[in-house]
Amino acid sequence: MNFIKKCFCQKTKVEFHCDEKFNEDVVDILYCPLCSDRASGDSLLMRVTGIPEMAGIWGIKFNPTVLKEVDQKFRDSDAYYENLFRDGQCVFKKIWQKRKKPTYEIVGIKNSVSKLKMEEPLSGPDYLTIRKDGKPVKLPKKIWTRGEESGPRQSGYKGHR
């Protein structure tokens with residue numbers, strides 16, 4: 001089953017791929033890289049790296065009440081939520097489509113993750129490629145210029161004439 005969910009700040013939409021037993025109520029709140037710093041303490045955080053348009057830290061707050069009703073194997077534990085995402089039972093559709101390549105890294109449940117481990121991905125090169133509107137941008141390449149392309153030389157010191 002596929003469904004689309006808007007993030008907490010309402011700037012980003014993501015399509016989810018889930019097992020048939022799950023519906024869109026399983027995901028309570030989605031946090032994009034722009035609003036993941038406001039994720040609740042029981043949100044699962046993951047760092048998406050292999051999909052440029054999704055690069056950054058994402059958070060998902062799953063709804064334990066709905067999960068308890070639809071999944072007989074439900075356990076309210078960090079490992080259960082991590083496996084839910086990792087095993088593809090409820091995952092971003094773009095990650096599901098690229099499942100042969102590692103495209104993300106699970107950071108963990110926000111309350112269980114040290115502050116240093118959370119800030120580390122936010123300071124990497126993937127974070128630099130995210131604009132304020134949440135869309136990725138390529139970093140500028142080095143542009144080499146030759147002497148003939150540069151403007152005329154101007155001296156600021158009058159004694160060099």
Side-chain angles (χ1 to χ4, degrees), residues 1-139 141:
M1 169 180 215
N2 295 332
F3 59 87
I4 295 175
K5 196 80 171 177
K6 261 191 171 181
C7 73
F8 179 76
C9 66
Q10 303 291 312
K11 292 184 180 180
T12 310
K13 290 186 213 175
V14 174
E15 189 171 1
F16 278 83
H17 167 83
C18 290
D19 286 353
E20 292 298 320
K21 61 184 172 183
F22 299 126
N23 60 22
E24 62 185 88
D25 296 331
V26 167
V27 176
D28 197 11
I29 304 171
L30 173 69
Y31 299 94
C32 73
L34 297 174
C35 59
S36 62
D37 58 334
R38 293 178 271 169
S40 62
D42 54 351
S43 298
L44 174 68
L45 300 176
M46 72 282 309
R47 177 181 174 213
V48 177
T49 55
I51 304 170
E53 65 270 17
M54 292 184 75
I57 297 282
W58 289 79
I60 300 174
K61 182 181 182 318
F62 289 103
N63 189 333
T65 309
V66 174
L67 285 168
K68 191 175 186 178
E69 292 174 10
V70 296
D71 190 4
Q72 295 175 349
K73 297 178 183 177
F74 174 75
R75 295 182 332 265
D76 194 13
S77 69
D78 295 358
Y80 174 81
Y81 296 116
E82 289 175 16
N83 288 332
L84 195 65
F85 192 85
R86 185 180 293 121
D87 296 343
Q89 295 178 53
C90 192
V91 67
F92 301 147
K93 187 173 180 186
K94 288 189 178 190
I95 288 177
W96 178 253
Q97 291 170 338
K98 296 185 176 208
R99 61 188 173 271
K100 293 181 182 172
K101 295 180 184 177
T103 56
Y104 69 95
E105 166 193 356
I106 291 184
V107 177
I109 302 295
K110 187 173 180 181
N111 280 342
S112 306
V113 177
S114 70
K115 189 169 183 172
L116 181 63
K117 190 174 179 184
M118 260 199 64
E119 289 174 356
E120 177 187 323
L122 292 175
S123 62
D126 292 333
Y127 189 70
L128 294 175
T129 63
I130 301 172
R131 295 192 311 226
K132 288 184 180 178
D133 63 0
K135 296 182 180 171
V137 64
K138 291 183 180 176
L139 293 174
K141 295 181 180 177

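Across every non-hydrogen atom of R38 and F8, the tightest pair is NH1-CE2, 3.9 Å. Contact detail for M1 and N23: the closest heavy-atom pair is SD-CA, 3.6 Å. Across all their heavy atoms, D19 and G88 have their closest contact at OD1-O, 4.0 Å. Minimum interatomic distance between P33 and G56 (heavy atoms only, all atoms of both residues): CG-CA, 4.0 Å. The two residues Q89 and N83 have their closest heavy-atom pair at NE2-O, 4.2 Å. Between V107 and R47 the shortest heavy-atom distance is CG2-N, 4.0 Å.
In this structure, CG on D78 lies 14.5 Å from NZ on K110, to the nearest 0.5 angstrom. Note that CZ of F22 and CG of L67 are 6.0 Å apart. Values are rounded to the nearest 0.5 Å. Rounding to the nearest 0.5 Å gives a distance of 10.0 Å between CG of L45 and OH of Y31. Atom CG of residue L84 and atom CZ of residue R75 lie 11.0 Å apart, to the nearest 0.5 angstrom.
Taking the side chain as every heavy atom from C-beta outward, D71 and K21 approach each other to under 4.5 Å. Put simply, the side chain of I51 does not reach to within 4.5 Å of the side chain of F92, judged on heavy atoms. Counting heavy atoms from C-beta outward, K94 and V48 have side chains that stay 4.5 Å or more apart.
Counted by atom type alone, Y81 and D76 present one or more donor-acceptor pairs between their side chains at under 3.5 Å.
Annotation for Q72: atom CD does not count as buried by contact number, only 12 or fewer foreign heavy atoms lying within 6.0 Å. The environment of K5 atom NZ is dense: over 12 non-hydrogen atoms of other residues, nucleotides or ligands sit within 6.0 angstrom.
W58 and Y104 have their aromatic ring centers separated by at least 6.0 angstrom.
Here the rule is side chain to side chain contact (heavy atoms under 4.5 Å, CB included) with F16, and of I60, V91, I4 only I60 fits it. Checking D42, V27, L44, L30 one by one against K61, the side chain to side chain contact (heavy atoms under 4.5 Å, CB included) holds for a single residue, D42.
The aromatic rings of Y80 and F74 stand perpendicular to each other, their planes meeting at an angle above 60°, with 30° marking the opposite boundary.
Remark: the backbone N or O of I57 is paired with a side-chain donor or acceptor of S36 at under 3.5 angstrom.
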